[in-house]
Amino acid sequence: MTEKIASEEKVIFNLGSEKFALGTEKVKSIEEMQDIIPVPLAPPYVTGLINLRGAIVAVVDLRQRLGLADIQNGRDMVILIVEHNGEDVGLIVDRVLSVEIFEMKSQPVPEAVTKTKSGRFYLSILGAKDEKVVILNLDKILALEEK
Amino acid sequence: MDTTKYRDLFVSETREHLVSLNRALLALEKNPDDPALLDEIFRSMHTIKGMAGSIGQDQIAELAHKAEDLLDRLRKRQLKLAQPQVDAIFESIDYLESAVAELAAGRDPQQSLKDKGSGLSKKIEALAVAPQSSKTEASSNVSGGNDFSRINPLKTADSFVYKVRVLLEADVALKSARAFLVLHTMEQFGKIAYTVPERRDLEAERFDRGFSVFFVTNLHSEKEIKSRIGYSEIEDIEIEEVVEETEEEAVERRTVSAFTQLAQERPREVKVSTERLDKLMNLVGELVVWRERLKQLAQMSQNTLIQDSVDQVAQITSELQHQVLASRLVAMSEIFDRFPRVVRDAAKVLNKDIDFKLEGRELEMDRSILQMLAEPLVHLLRNSVDHGMETMVQREASGKRKIGTVTLSAQKVKDQALITVEDDGRGIDHEMIKKKAVEKGWATAEQVSGLSQKQAFDFLARPGFSTAEKVTEVSGRGVGLDVVKSRIESMGGSISIESTAGQGSRFLLNVPLSLAIIRTLLVSARKQVYALPMSQVMETFELKPENVRTLQGKTAIVYRSQAIPVQRLSRALKLETEEGILSGPTVVLERQGSFAAYVIDRMVGQQEIVVKPLSRFLNADKTFSGVAISREGHPMLIVDVNNLET
């Protein structure tokens, strides 16, 4: 993996206390938390379905998908609507922090991290220790896993 | 001039032409002497050339122009049609396809593609060089520009210039005579500058049904001109006054006219984006939900005035729903016409000779369902050509016709489309499948020996099954029937396989024709509402604990004098594991001939719902066939009764 300059616009959000990011071009809208209808027999990380202005969208609990600790944040939770393979999917995140343009080098994910449960969903890392932002690999997160 | 607004139109129009080009060229390859096919190909190329030129895609226009020249020579029999020329035209079609794909993505074709294009242009130009005919006809200028050098000499101070477009009726017996009469009549009250096509072409009947006359007259009433020309055997006359324009205006108008000309050919159709159709469908879906809600309220109000109005609204809603569904229908030919090329190319790579037959091109089905079908069908066709069909040598050795036959057909069976892909190839050896299933550890030798042929074929659609000995370019690797199967099932369809070893195979796909609106019974389990298709609900009743028996460790009740399994719906959906005492509201569901009963929390009501496909995340197990929106506006899952645990 080579270093590259990331000068794209990112949506920065929290999962727990950690910061994560997705390119704004991937995020179609940010929706308020709403009633999610659970789906029996669905994979555990799929919270359920919402009615988004007449279209029915599956919602993924991003925290559970990344295998992060289950700390309910509650109030500030929102649903990011992303498009993947022609389908809209919702991602629950704890809080949206900002939309920022980054003009710095993103670093590859250290190999040790890629082997952790959540690390395999990381694309690259922006910034230094304290202000670290992990850019997520949407394709991996939304890939279907063989049962 | 800003040409981007025409770009999308160019892309969609050109794609349509490319589909018909492919079809006509394939047919021409088989019937090289059919002049109508050459004409059709020529016309499509000509149109593409015109459109490309008008939006400044010179490279595309150039190639189309060279191809058009070549076709023109073939048409005029100055050249004899041979394989290199057919291949070159196929190559140009491929080139045009990739160039259009670039444009569709909002990019200009890349340099490498451009190089390929100009290489191809030269190649075609070389192919077009042939024994020169004595007469080199100046290509008639049909670019749409009005030739004022021919109009101006006829103009006087008080004359007006009109372009009169005449469309003859479809079944006019003597077109040239009719055209002559029209021109003759017009000359009684004005002067004809020129016509498009040219007069000699009109006289030689070298036109379809329409022609334009550039006409100078002292009359200044379009109505008057129309009535003087008369209506005998004429379907339509359009008249517009022509004014000499600046160069800039000329360019702009030429661009527009290339497209309006196209539009005039099909005045009854309007292009609507699929996105808009989907939105319409969603809205109608919501409307249907609210209609049901309104009906309920009206009933409660006991006010006949309100009830009558609601009835009216309900009727209109039903009709609207019907019309929206109908507007989404497109003919199978939309995707079918791409397949002859797929089969031809696959056969060519494998050095097989295949007679490909298409049946049922005209069958109409919902656009989104049709789009989902394309990929599985390509896969099945390639499979047939690659694995199903023997080599020519093998076919001869087994006493078969050297040319193999692959047939793709579509027909309507009840509310569904039955699509079959059939070949007369080597067939599928079900014993070999059984052997392989044992090898894979899917079943024991004992188990498979008792399986029917049909059951053996089910192994074919399992992930990881592949009988091809070697990987070929045509079928690729790794993608098997399992993908086809899951795709078809996600559309609410089914697939079955029939085959006789040595004689051929048949893949049968059953898919819905349109997005379903179904009547459902709504029931609740664990506070969630689920929809059960009314067609599979046999009965609802209140279950008493004393009627439940236990047979071989499973709970059952007697229904129509047979024991049928009974359990809580919430348990079948894995929402709970404890059984407890079975009693309360119960539904009996029919599933492919057998029955099963489910105890629910309560009956919620009946509702007509528009079935929407389930997200692919939730498609993995087949417990639900789709999803809909409840009266309260929440997503509501539709239970696939056939796959519900008993």
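Reminder, nothing fancy here: chain letters follow the sequence lines and each chain counts from 1. Everything numeric in this text was worked out from a predicted model, so none of it was measured.
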Problem - Toward chain B, the part of A/Leu142 with a non-hydrogen atom under 4.5 Å - result: both

Practice task
Would you check if there is a donor-acceptor pair between the side chains of B/Thr646 and B/Arg591 at a distance under 3.5 Å?
Solution key: no

Exercise for the section: Below 4.5 Å from any heavy atom of chain B, which atoms of A/Val89 appear? Answer side chain, backbone, both or neither. Expected result: side chain

Exercise for the section: Could you tell me whether B/Asp601 and B/Arg526 have a side-chain N and a carboxylate O separated by less than 4.0 Å? Expected result: no

Handout entry: Portion of B/Leu573 that has a non-hydrogen atom of chain A nearer than 4.5 angstrom
Key = both

Handout entry: Heavy-atom neighbours of B/Glu439 CD exceed 12 at 6.0 Å
Key = yes

Practice task
Mark yes when over 12 heavy atoms from residues, nucleotides or ligands other than B/Glu375 sit less than 6.0 Å from its CD; otherwise mark no.
Solution key: no

Problem - Engaged part of A/Val39 at the chain B interface, taking heavy atoms whose separation is under 4.5 Å - result: both

